[in-house]
Amino acid sequence: MKATIFKKVAIAVTVAAGLATGGSTFAAETQLRVVGNFSGNKLHVEEVERPFFTKLGERDDLNVVYNTMDAIGVEAADALRMIRSGAFDVMSVQIGMASRDEPFFEGIDLAGVTAGLDEQREAIEAFRPKFDQRLQERFNAKLMTLWPFGPQMMFCNGDINGVDDLKGKKVRVFTPSMSRLVEGLGATPVTLQFSEVYLALQRGVADCGVTAPSAGNNGKWPEVTDHFVPLPLAYSVQGHFMNLNTWNKLDEQQQQELTEAFAELEKQMWDLAYNVNDDAIACNTGQESCQDHQAYDMTLVEIDESSRELVEEITSEAVLPVWGENCNQQYPECAQVWNETVGDVTGFQIQ
C-alpha cells in the first residue's frame with residue numbers, strides 16, 4: 001500500500017515539475033513564500049507537500065521558498081491574518097484553528113456532523129464555493145485546496161472502556177466546535193497545537209489528545225498514551241490558500257497551470273486520508289495487519305452505535321446552535337448558507 005501511495009504522490013510532483021518545461025515563457029519571476037504544515041505531520045509534509053513545492057520552484061517563472069509552520073514559529077491560529085496581510089503568499093491552513101477570525105469557515109468541519117470520509121467529502125464540495133467567496137472577500141485570499149487529515153480520534157491515558165469514561169478527562173482539542181462536543185461528553189477541552197501535544201500528554205497536562213490515527217502515530221503519541229478511542233469527532237479539514245495580490249500578478253496561463261497543479265496536490269492529500277489511517281489504527285493497537293506505521297500496543301477501546309448516537313445528540317443540541325448563533329453575528333446569512341450546503345448533505349439543520 002505504501003508504494004501505491006508514494007506512486008500517487010509522485011504523480012503530483014511530476015505535474016508540478018512538468019509545469020517548468022511546459023513551453024511557457026514569462027518576463028518576470030514571481031516569488032512564492034510558502035508556509036507548510038507542521039513538521040510533525042511527516043507523511044503529509046515530507047512525502048507530499050515539501051516535494052510538491054520544491055518541484056513547483058523549478059519553474060522558470062516562480063521562486064518558491066518553503067518552510068513548515070513550526071520551523072518559522074508561525075501559530076496556526078494566525079494563518080488567516082497572515083495570508084490577508086501578504087506576510088506569506090501561500091499558507092497551509094488548519095481551518096478549525098484559524099476560524100477564530102471567521103467562524104463561518106469552521107462550518108466545513110463542525111465536530112460531530114459527518115460520520116465518515118465520503119460524507120465529509122460531499123460536505124466539503126457543497127460548501128466550497130461559498131467558502132472561497134468568503135475567503136476572497138474577507139481575507140484577500142484564494143482557495144487552492146481543501147482536504148482532511150482523516151477521522152479525528154482520541155489517544156488517551158487511563159482505564160477507558162467507552163465514552164462514559166471520558167468524563168473528567170482533560171482532552172486536547174483544536175477547534176471551538178470540538179471543545180463543545182468534548183464538554184458534552186463530560187470532559188474538559190484543552191486547546192493545544194499539534195507540536196505541543198506530546199509533552200502535554202507525557203506530563204499530564206492533557207489526558208487525551210485528538211488527531212488522525214496516522215498523525216498521532218507519526219507524532220509518536222502512542223509512546224505517551226495507552227488507550228485508543230476510535231470515535232471520529234471531526235476530520236481536521238485543511239486548505240492551501242494563496243494571497244489574492246500574488247494570484248492576480250499571474251497571467252491567465254500561469255493561473256490555469258497552478259490551479260491544475262494544486263488540484264493534483266489536493267487529490268494526493270485525499271488519498272492519504274483514505275489510505276493510511278486504517279493501517280495507523282492497526283499499528284497503534286498492535287494488530288498483525290500493521291504494515292506502514294510504527295507498531296505500538298495501545299488498547300483498542302470498543303465503540304458501539306450508541307456512542308455515535310450520543311455524538312449526534314450533542315452536536316444537535318450543543319454544537320450547532322452555538323456555532324450558528326456566533327457565526328450569524330458576524331455573517332447574517334451564515335446558518336442559512338450552511339443549512340443549504342452542509343446541512344442538506346448531512347441531514348443536520350440549524351434552527
Side-chain angles (χ1 to χ4, degrees), residues 9 12-13 16 29-59 61-102 105-106 108-109 131-132 134-136 138-149 174-175 191-197 211-212 215 218-219 236-250 254-255 258-259 261-266 268-269 272:
V9 169
V13 173
E29 182 182 79
T30 299
Q31 183 176 34
L32 291 184
R33 297 159 298 172
V34 178
V35 177
N37 220 290
F38 290 104
S39 61
N41 297 318
K42 293 181 180 178
L43 184 59
H44 295 78
V45 168
E46 299 303 333
E47 302 297 341
V48 182
E49 196 178 65
R50 190 189 298 275
F52 174 83
F53 284 109
T54 297
K55 292 298 183 181
L56 202 63
E58 294 177 2
R59 289 177 57 119
D61 57 324
L62 295 179
N63 175 23
V64 179
V65 178
Y66 173 90
N67 288 287
T68 59
M69 195 171 294
D70 49 317
I72 55 177
V74 171
E75 296 287 333
D78 296 331
L80 290 173
R81 293 181 224 171
M82 288 186 167
I83 199 71
R84 177 170 59 188
S85 71
F88 301 99
D89 301 293
V90 179
M91 295 193 73
S92 179
V93 179
Q94 205 297 319
I95 293 167
M97 295 192 77
S99 66
R100 68 179 186 185
D101 290 328
E102 178 51 77
F105 293 157
E106 194 187 2
I108 206 166
D109 187 27
F131 188 107
D132 190 26
R134 187 79 175 160
L135 182 64
Q136 294 194 34
R138 290 217 61 228
F139 292 95
N140 192 42
K142 179 175 176 56
L143 180 64
M144 304 303 293
T145 71
L146 280 175
W147 50 275
F149 261 105
F174 52 89
T175 72
T191 301
L192 297 168
Q193 293 203 126
F194 184 87
S195 57
E196 301 170 323
V197 179
T211 193
N218 290 328
S236 188
V237 176
Q238 317 275 315
H240 289 90
F241 302 165
M242 182 180 290
N243 178 272
L244 266 182
N245 295 342
T246 302
W247 175 257
N248 289 331
K249 290 177 184 177
L250 305 173
Q254 289 173 303
Q255 290 178 351
L258 288 185
T259 297
F262 275 94
E264 189 62 36
L265 172 62
E266 178 179 303
Q268 308 316 310
M269 292 301 197
L272 290 182

May I ask you to test the [X]-[Y] pair for a side-chain heavy-atom distance under 4.5 Å?
X	Y	value
V34	F88	no
V48	L43	no
N41	F194	yes
V90	R33	no
Q254	D61	yes
Q238	I95	no

Residue of the set N140, I83, L135 for which side-chain contact (heavy atoms from CB on, under 4.5 Å) holds with L244: N140
With rounding to the nearest 0.5 Å, note down the distance linking [atom1] in [X] to [atom2] in [Y].
X	Y	atom1	atom2	answer
F131	Q136	CZ	CD	11.5 Å
F262	F52	CZ	CZ	4.5 Å
L32	L258	CG	CG	7.0 Å
S236	F174	OG	CZ	4.0 Å
F105	T175	CZ	OG1	15.5 Å
K142	N248	NZ	CG	9.5 Å

Over all atoms of both residues, closest heavy-atom pair of [X] and [Y]:
X	Y	answer
R100	A77	NE-O, 3.5 Å
V197	L192	CG2-CB, 4.2 Å
A98	V93	CB-CG1, 3.9 Å
G40	N218	O-CB, 3.9 Å
F241	A141	CB-CB, 4.3 Å
V64	L56	CG2-C, 4.1 Å

Checking [X] side chain against [Y] main chain: does a donor-acceptor pair fall under 3.5 Å?
X	Y	answer
T145	H240	yes
D70	S39	yes
D101	L80	no
Q94	M97	yes
E266	L146	yes
D109	V237	yes
Q193	E75	no
R84	N243	no

R50 with E46: basic N within carboxylate O range, under 4.0 Å: yes
Note: D89-K249 ion pair, threshold 4.0 Å (strictly below): no
Audit row: V45, Y66, side chain to side chain contact (heavy atoms under 4.5 Å, CB included) steps and yes/no: CA-CA 11 Å; V45 168; Y66 173 90; 3.6 Å; yes
Stepwise side chain to side chain contact (heavy atoms under 4.5 Å, CB included) check, H44 with L272: CA-CA 8 Å; H44 295 78; L272 290 182; 3.7 Å; yes
Worked check of side chain to side chain donor-acceptor pair (under 3.5 Å) between N37 and E49: CA-CA 8 Å; N37 220 290; E49 196 178 65; 4.9 Å; no
